[in-house]
Amino acid sequence: MTVSSAPGKVYLFGEHAVVYGEPAVPCAIERRATVTVDARADDHIRVQARDLSLDGFTVEYAGDTAERPDVDVPEGLVDAAMGYIDAAVEQARDAADAPDAGFDITVESEIPLGAGLGSSAAVVVAGIDAATRELGVELSKDEIADRAYRAEYDVQDGQASRADTFCSAMGGAVRVEGDDCRRIETPNLPFVVGFDGGAGDTGELVAGVRDLRAEYGFAADTVESIGDIVRAGEERLYDADPDSEPTADLLAELGRLMDFDHGLLEALGVSSRTLDNMVWAAREAGAHGAKLTGAGGGGCIVALDETPETRTALRYTAECRDAFRAELDREGVRVESSGDGTAAADRGDA
Ligand SMILES: Nc1ncnc2c1ncn2[C@@H]1O[C@H](COP(=O)(O)OP(=O)(O)OP(=O)(O)O)[C@@H](O)[C@H]1O
Ligand SMILES: C[C@@](O)(CCO)CC(=O)[O-]
Ligand SMILES: [Mg+2]
């Protein structure tokens, strides 16, 4: 049995525009998806995903033929869920040259689904890590990030950037521009997350921006302007001392750019009334800046505030279901236990 976990993320800025080759800066946060994988003697895949709905479900199938004895959730949801896990299994089989490998898989997660915190990337990254280790293959973090990207790309019909999967695999703050992915050192940024209890469909939201961009030059300009915001923000990050607390100037400037980014995302049609209300509640509470994170449509906002004020204000905001401080995760994917159940040693970066 092998257990691996991987973190979710928030976007400091750059989501959506990153799909069209602009840079983005996502940051891994200390909320994890944990995937337990047990090799089977046959080629069946059995999945338990209790967080996927209120009831959770179990699916067992072999090859392409789904047999769903215990399913009590809508079929579309099952298909959506199985897409990411299937794709992770395919990547692991390919990496280990074991096309007929079967697994019992359990997914547990602290990351709300479809809420902009990268639950899909975390599940895929942890799943590929656990399944390949279970087959005796140890991939570097870079290889896991690459295979996880291919899995998300397939499930999202070619509409995915490398940002979420690279960030989840490597941990920390990262910068992604097309195929160029790197870690960047930043001071500890005081992220506060507000969650409206809802979700957005990443594929649909990305398709909406793609259509707007194709129809209107000014929508394409808006996407480019998001890239300009990221370029301005990263200059400030490179100037900052990663080993010190962020200065008031840095927080003020990053916050201003986050506000600007949210305005442009709103213009591109990916915000919602509840996300906007949480953004305004955070700003009025004194946050340096606030924006939606991830695909949008519903789910989470991220604000910058080193005090408890924003969190408290969000908790008193009607549209907000949950508000929490999100610490930067600097570790990325990690193995929790493998083989005989002993905690495995840390693996170095590739
Ligand atoms: N705990 C889980 N168990 C099983 N599947 C999960 C779990 N968490 C996420 N997933 C898979 O990820 C899908 C959600 O991915 P989606 O990309 O739509 O949202 P997200 O990754 O949470 O947000 P974003 O991409 O905006 O950051 C779910 O439909 C499911 O297929
Ligand atoms: C909306 C998007 O930019 C981020 C989703 O978390 C899509 C992607 O990068 O694949
Ligand atoms: Mg996702």
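Numbering of ligands and ligand atoms starts at 1, following listing order. None of the values given here were measured: they were computed from a predicted structure.
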Between [X] and ligand 1, does any nitrogen or oxygen pair lie at a separation below 3.5 Å?
X    : result
G118 : yes
S120 : yes
G116 : yes
E152 : no
V107 : no
A295 : yes

Residues in the immediate environment of ligand 2 (any heavy atom closer than 4.0 angstrom) =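 Under the 4.0 Å cut-off, ligand 2 touches K9, Y11, E15, H16, V18, V19, A160, S161, D164, V206, G294, A295.
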State, without any angle test, whether E152 and S120 hold a side-chain donor-acceptor pair at a distance under 3.5 Å.
->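 Result is yes, a qualifying pair exists.
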What protein N/O/S atoms lie closer than 2.8 Å to the Mg ion (ligand 3)?
->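 Protein N/O/S atoms under 2.8 Å of the Mg ion (ligand 3): S120 OG.
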Determine which pairs satisfy side chain to side chain donor-acceptor pair (under 3.5 Å) with at least one residue from residues 15-25, sequence neighbours left out, and list them in order.
->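 Residue pairs with at least one partner in residues 15-25: E15-K291, E22-R231.
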Closest to atom 22 (O) of ligand 1 (judged by heavy-atom distance), picking from G127, G8, S119 |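 Among G127, G8, S119, the closest heavy atom to atom 22 (O) of ligand 1 comes from S119.
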Look at ligand 1 and say whether G83 reaches it with a heavy atom at a distance under 4.0 Å.
->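 Checking ligand 1 against G83, which is what was asked, there is no heavy-atom contact under 4.0 Å.
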Which pairs, with at least one residue in residues 202-241 and sequence neighbours excluded, count as a ring-ring contact (aromatic ring centres under 6.0 Å, His included)?
->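 Non-adjacent pairs meeting ring-ring contact (aromatic ring centres under 6.0 Å, His included): Y216-F218.
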